[in-house]
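All heavy atoms count here, side chains included; hydrogens, waters and symmetry mates do not.
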Amino acid sequence: MSEPSQDAERARPPLPFGVAEVTGPSMVPTLHHGDRLLVHYGARVRRGDVIVLRHPFQQDLLVVKRAAERRDGGWWVLGDNGYAGGDSTDYGVVPDELVLGRVRFRYRPRTSERRSPLAVVGWALSSARPVFSVRSASRRLRAR
């Protein structure tokens, strides 16, 4: 997905929906490397939502995390995989202007190695699903 220039972003509002691809293990088991996401840009973010944001130190890098809690100055975000790192425990609170949108839907592309009819049925049943918010934060989210 190409990034529009900042001048283009100011000139016209971005489309309300876009596609992003997951790279890395930080959101396992919710999202896996290679998953495609339907992102609702500008959507209201609530605690527990999976969101797309700009990395606070590398703003050309887009990051997918879970909005754990609202704090002074922005959102405390965490990955679902506590061992992967790269969340607010590393860079602190994320300002509101760096939060781009909320993930609504996940699509897992089919790999070429799944050729048996049973494998195709398994893929079809699990490949596309909505991404729900976690309203009651897990123990891991509360522990941080």
Side-chain angles (χ1 to χ4, degrees), residues 1-71 73-138 140-141 144:
M1 180 166 90
S2 64
E3 291 278 338
S5 70
Q6 289 188 3
D7 292 333
E9 285 180 357
R10 281 187 223 115
R12 60 179 166 76
L15 296 175
F17 290 95
V19 178
E21 182 176 349
V22 176
T23 57
S26 71
M27 287 300 291
V28 170
T30 306
L31 303 171
H32 296 275
H33 180 80
D35 285 353
R36 306 300 196 285
L37 307 175
L38 178 65
V39 182
H40 185 181
Y41 291 105
R44 190 178 107 184
V45 175
R46 295 179 290 182
R47 183 173 172 247
D49 287 346
V50 177
I51 60 173
V52 174
L53 57 118
R54 291 192 187 281
H55 192 284
F57 301 140
Q58 288 180 276
Q59 293 186 9
D60 59 334
L61 177 65
L62 298 181
V63 181
V64 178
K65 298 293 176 194
R66 189 173 300 277
E69 72 179 284
R70 185 88 171 120
R71 294 190 178 178
W75 284 98
W76 187 263
V77 298
L78 297 172
D80 286 356
N81 180 354
Y83 299 108
D87 53 23
S88 285
T89 57
D90 294 331
Y91 46 75
V93 175
V94 176
D96 289 327
E97 58 269 10
L98 297 181
V99 176
L100 300 178
R102 182 175 166 193
V103 175
R104 298 289 187 173
F105 198 77
R106 189 263 305 159
Y107 169 77
R108 186 165 294 145
R110 187 169 168 243
T111 59
S112 60
E113 65 233 21
R114 295 182 179 171
R115 295 185 184 166
S116 74
L118 185 58
V120 171
V121 169
W123 168 81
L125 293 174
S126 69
S127 67
R129 65 182 164 108
V131 177
F132 295 110
S133 300
V134 175
R135 292 287 170 238
S136 60
S138 70
R140 191 184 73 72
L141 292 178
R144 290 189 170 185

So, do V50 and M27 sit near enough that their side-chain heavy atoms are less than 4.5 Å apart? yes
Taking side-chain hydrogen bond (donor to acceptor under 3.5 Å, both in side chains) as the test, write out the residues that go with R104, two or more places apart. H40
Report the residues that fulfil side-chain contact (heavy atoms from CB on, under 4.5 Å) with V121, sequence neighbours left out, ordered by chain and then residue number. L125
Considering only heavy atoms from C-beta outward, does the side chain of F17 approach that of L38 to under 4.5 Å? yes
Partners meeting ring pair (Phe, Tyr, Trp, His ring centres under 6.0 Å) with H55 (sequence neighbours left out): F57, Y91
Residue pairs fulfilling side chain to side chain donor-acceptor pair (under 3.5 Å) with at least one residue in residues 18-32, sequence neighbours excluded: S26-K65, T30-R66, T30-D80
Judged by atom type as modelled, is there a donor-acceptor pair below 3.5 Å linking the side chain of D87 to the main-chain atoms of G79? yes
Could you list the residues that satisfy side-chain contact (heavy atoms from CB on, under 4.5 Å) with V45, not counting sequence neighbours? D49, I51, A67, W75, V99
Is any side-chain heavy atom of L62 closer than 4.5 Å to a side-chain heavy atom of R54? yes
Please list, chain by chain and in numerical order, all residues satisfying side-chain hydrogen bond (donor to acceptor under 3.5 Å, both in side chains) with R70, sequence neighbours excluded. D96
State, yes or no, whether a side-chain contact exists between V63 and V77 at a heavy-atom distance under 4.5 Å. no
Is there a side-chain contact between V39 and L100 (heavy atoms, below 4.5 Å)? no
Give, for atom OH of Y107 and atom CZ of R36, the distance between the pair rounded to the nearest 0.5 Å. 8.0 Å
Test of understanding: with side-chain contact (heavy atoms from CB on, under 4.5 Å), list the residues that count as partners of P130, not counting sequence neighbours. F105, F132
When rounded to the nearest 0.5 angstrom, what distance separates CZ in R106 from CZ in R129? 4.0 Å
Heavy-atom pair with the smallest gap, counting every atom of P109 and D35: CD-CA, 4.4 Å
